Amino acid sequence: MNSNTILEGLNPPQREAVEFGDGALLILAGAGSGKTKTLTHRIAYLIATDKAKPWEILAATFTNKAAGEMRERLATILGQENTRGFMPWMGTFHSLAVRILRQYGENIEIPKNFVILDDSDRLGMVKTAMKEIGVTEKQYTPRSIMSMISNAKNDCLTPTEYAEIAQAPNQQVAADIFPRYERLRKNGKALDFDDLLLETVRLLKNVKEVRDELRAKLKYILIDEYQDTNKAQYQIVKLLLNDAKNICAVGDDWQSIYSWRGADFTNILNFERDFPGAKIIKLEQNYRSTEAILNAAHNVISKNLQRSDKKLWTDQKGGSPVRIVPAMTETHEAEILVQKIRSEVDLRVRKYDDFAVLYRTNAQSRVIEEVFLRYGVPYKIVGGTRFYDRAEIKDLLAYLKLIYQPFDSASFQRIVNVPKRGLGDTSVAKFVAWQNMSGMSVVDALLNVELCNDITPRARESFLKLGNDLSDIAKLIEQLSPDEVIEKIVNKFDYRDYLSDGTPQAESRLENVAEFIGVAKSYADLGLAGFLEEVALVSSADQSAESAVTLMTLHAAKGLEFPAVFMVGMESGIFPGAKAEFDPAAMEEERRLCYVGMTRAREDLVLTFAQSRFLYGARQYNLPSPFLGDVDENFVKDSILQNNFYSSSLSDSFRQSSDQRLDYPNKSGNDGFGGLATTNAEPRFVPDDLELEIGDKVKHQIFGTGTVIKIEKSIVTVDFGVGKLKKLNVSFAPLKKL
DNA sequence: CGGTTGCACTTTTTT
DNA sequence: AGTGCAACCG
């Protein structure tokens, strides 16, 4: 590949960044300014000009998805096979850390086959530790303690160091729990997400040979989303850099939205201090959004005081104005989306996958899903209750982890009585205490349970059987692929029988198990260790091929773009969240989040809010988000609404908005918000009096023709062929009997 | 020991 | 609304 070809199609600052030679380089890249492109081309350029071999380059990204995307683009540019061996080292800091620790961790007493704790494992350990010192969950929520411990770890503090600086009462409690949590974790030969980074720092700091080996190997280090790196990540970078200091960081402080997780965007503002003589290049031309969208987004972010100064500009003058649309209720809000999406899809102006719906919290997705399902709008959810969070998958994973790492007590406690084997809290507590004293692994302790007094003969028998079953499978893991191991587990423990409990959910659980085995199969080449790592670190890779609207949180949307974007729930207390109300720094972060959301849109941006919303079991009346008022009314369609935003009393606000509701759809005419918008929470489709039976052929507007395979009251399950099962409500779904 | 019932609380955001 | 947890009973 010719290095000049790599420079084609880059604007002057992008090109400068790509061609920049050795030393420290900071690229301040505004939203949509071709950040990934620049980074990828720079890597390609380094390779093409022979500055470095692929394996001498390390690129840290924020998500695995971003790494995958870069890998793909790089392969295209270089015209090489997208094979693992050829590619530079690309991945999240966490996955890079896992790799380093698996290879070199034994130098600092980290077992090669450590397991990675997920959130609920961590929470469980915090709860156990809280019980030990007699702190109730009423006094302090386990979650808040966990986040304090997590923050301490992200600041690279040991339990002792944290105890020294702990001031407030809650910090002192956390300081008391911290070492206990650590003990539990270490007993299980486990690392949590924060440890992955922290232990990597410790390894690189303390083991000179490893540090030197990696420094000699890695000639160029590139970091994406630099504004979202935390202290530990920053230290890893510093420790990996050799004397040439070939670091290239890309970031945008305006898009820093992870400070709650320890990210520190001031590192971007301090780059010059950290790397004296660093070159700074700004990318300010936006290639993504129209001028109207960019201006509106700029209005919002401008209210922040803590930010670098830059001005994004675009060639795409004009564009359709940003819309601010009021809704009566959360259901009505979703129906507005349906109306707009449907009409544009029907007119072939857009496809379903041109749309994204962004919300502040995952809980908001449910109503939207319900309404989309009702009206037959196909959608896919990114994130949310993830596949790997489902109970049946977590059970199987726990078995898998325990077999892989026989010390993994957290996993053991999850599955010890799943399926039921007559082992209750009392017996398990006794066993765990004894196992801890004995120093044996969980599995060894199970096999030697007869040495443990104080356990009833019946329970003892049960423990022994479990131990035998587990070690039977453990003997096979060398020869079997991950999916075969799971299959063995499922069979040995009659797990399918356990799931078939006669409840309506049983079927989907069994499907999930099948899917899990399928996923494992696709990772067969990674082996069990690789598979477990993938599962622990990868967010749900939802790759449904069919065209569908994307639903996700604002956080999950970072780095993505869509022709049309809806931001829903633009209400005070939702977005910005209630917790930001009296916290200026948090408010600035919410504002950045709003900016991130708005700048995902290429052509159309619609902001919606509801007069009332059902939340936490009660109907709430929220004021429109202050961010809506920040948008200059010149950039907004129907800006007349703005005058009503800050009505003094809630009832006032409600009444005025009711008037708007009557007014609005007509005024909008046929621009996509008519019709449905006048309906309230009630669905409009009149049930067709479909008399369906199992086996009937039906036709659905979106999904096509299918066969009814199950009927529960008004919910029918229809098989639309090749495994496309859909649950539909006959009362609402546009179904026709054939 | 295990299942059931009733109560309380939840909500940021994610590797 | 749904879930998770504690207390109670069979």
Side-chain angles (χ1 to χ4, degrees), chain A residues 60-67 91-98 116-120 122-124 127 131 136-138 141-144 146-147 150 153-154 191-198 225 228-230 232-233 256-263 330 358-367 370 382-386 388-389 391 417-429 456 458-459 462 501 533-540 552-558 569 573-581 583 586 589-590 592-594 596-597 613-620:
Chain A
T61 60
F62 192 68
T63 61
N64 286 290
K65 199 156 114 204
T92 61
F93 273 102
H94 289 86
S95 63
L96 298 169
V98 170
I116 302 166
L117 295 179
D118 70 18
D119 238 36
S120 62
R122 303 173 80 171
L123 217 50
K127 283 179 190 168
K131 271 197 195 111
T136 67
E137 296 185 19
K138 297 236 165 77
T141 64
R143 190 163 288 283
S144 73
M146 187 174 90
S147 96
S150 179
K153 286 190 173 193
N154 281 323
L191 301 186
D192 65 30
F193 286 122
D194 305 317
D195 293 321
L196 295 176
L197 305 175
L198 207 55
E225 310 280 12
D228 287 325
T229 50
N230 63 27
Q233 291 167 330
S256 163
I257 55 175
Y258 283 96
S259 69
W260 48 272
R261 169 175 130 180
E330 70 282 356
L358 310 183
Y359 35 80
R360 179 66 238 265
T361 62
N362 279 309
Q364 289 167 257
S365 74
R366 228 189 61 211
V367 192
E370 278 169 18
V382 176
T385 309
R386 277 173 284 195
Y388 294 113
D389 285 342
N417 205 25
V418 177
K420 299 265 175 297
R421 42 177 77 91
L423 296 171
D425 293 343
T426 339
S427 302
V428 172
T456 63
R458 239 170 94 177
S462 218
D501 59 355
E533 174 186 327
E534 197 75 18
V535 167
L537 298 177
V538 169
S539 42
S540 69
M552 62 186 151
T553 63
L554 286 152
H555 281 85
K558 190 161 85 154
I574 308 261
F575 187 37
K579 289 198 173 139
E581 198 178 346
D583 181 346
E589 177 138 326
E590 295 286 305
R592 290 194 293 270
L593 189 56
C594 186
V596 167
R613 182 175 297 274
F614 201 76
L615 206 62
Y616 313 148
R619 189 150 285 283
Q620 305 188 346

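Residue numbering restarts at 1 for every chain, and letters A, B, ... go by the order of the sequence lines. In this text, all values refer to a predicted model and were calculated from it rather than measured experimentally.
B:dT11 atom P lies 11 Å from atom CE of A:M146, rounded to whole Å. Atom CZ in A:R366 sits roughly 18 Å away from atom P in B:dT10 (whole-Å rounding). Rounded to whole angstrom, the span from the CZ atom of A:R261 across to the P atom of B:dT14 amounts to 9 Å. Atom CD of A:E590 and atom C1' of B:dT11 are 12 Å apart (whole Å). As a whole-Å value, the separation of A:I574 CD1 from B:dT10 C1' is 14 Å. When the C1' atom of B:dT13 is taken as reference, atom CZ of A:R592 falls 13 Å away, rounded to whole Å. In this structure, the CZ atom of A:R421 is 11 Å from the P atom of B:dG2, given to the nearest Å. Atom CD of A:E370 is separated from atom P of C:dA1 by 12 Å (rounded to the nearest Å).
For the pair A:V428 and A:H555, nearest-nucleotide mapping onto DNA chain B gives the more 5' position to A:V428. Nucleotides of DNA chain B nearest to A:A459 and A:T361 differ in position, and the one nearer the 5' end is that of A:A459.
Comment: A:D194 does not engage A:R261 in a salt bridge, judged by the lack of any side-chain N to carboxylate O separation of less than 4.0 angstrom.
Of all nucleotides listed (B:dT13, B:dT15, B:dT14), B:dT14 comes nearest to the side chain of A:A556. Nearest to the side-chain atoms of A:N362 among the listed nucleotides B:dT14, B:dG3, B:dT11 stands B:dT14. The nucleotide whose nearest atom lies closest to any side-chain atom of A:T426 is, among B:dT14, B:dC1, B:dT11, B:dC1. Of the candidates C:dA1, B:dT13, B:dT15, the closest approach to any side-chain atom of A:W260 belongs to B:dT13. Taking the side chain of A:F193 as heavy atoms from C-beta on, and the options C:dG2, B:dT15, B:dT13, the nearest nucleotide is B:dT15. Of the candidates B:dT11, B:dT13, B:dT15, the closest approach to any side-chain atom of A:R143 belongs to B:dT11. The nucleotide whose nearest atom lies closest to any side-chain atom of A:S427 is, among B:dT15, B:dC1, B:dT14, B:dC1.
Few gaps surround CZ on A:R619; more than 12 heavy atoms of other groups in view lie less than 6.0 Å from it.
In terms of phosphate contacts, A:N64 brings no side-chain nitrogen or oxygen within less than 4.0 Å of OP1 or OP2 of B:dT15. For A:N417 and B:dC1, the shortest distance from a side-chain N or O to OP1 or OP2 is not below 4.0 Å. For C:dC5, one of the phosphate oxygens OP1 or OP2 lies less than 4.0 angstrom from a side-chain nitrogen or oxygen of A:K127. Taking 4.0 angstrom as the limit, A:T63 places none of its side-chain polar atoms (N or O) nearer than this to OP1 or OP2 of B:dT15.
Within the nucleic acid shown, A:L423 comes within 4.0 Å of sugar-phosphate atoms alone, with no base atom in reach, counting heavy atoms only. Counting any heavy atom pair closer than 4.0 Å across all strands shown, A:S95 reaches no nucleic acid atom. Residue A:G422 is in sugar-phosphate contact alone, with no base atom involved, counting any heavy-atom pair closer than 4.0 Å across all strands shown.
Between the C1' atoms of C:dG4 and B:dT13, the separation comes to 22 Å (whole Å).
With no hydrogens or angles considered, a side-chain donor-acceptor pair links A:T141 and A:S144 at under 3.5 Å.
Between A:Y258 and A:F62, the ring centre distance stays below 6.0 Å.
Counting only distance, with no hydrogens or angles, the side chain of A:E330 and the backbone of A:F614 share a donor-acceptor pair below 3.5 Å.
We find that the ring of A:Y258 and the base of B:dT13 do not stack by the test of centres under 5.5 angstrom and planes tilted less than 30°.
Using a 4.5 Å heavy-atom cutoff, the side chains of A:V98 and A:I116 are in contact.
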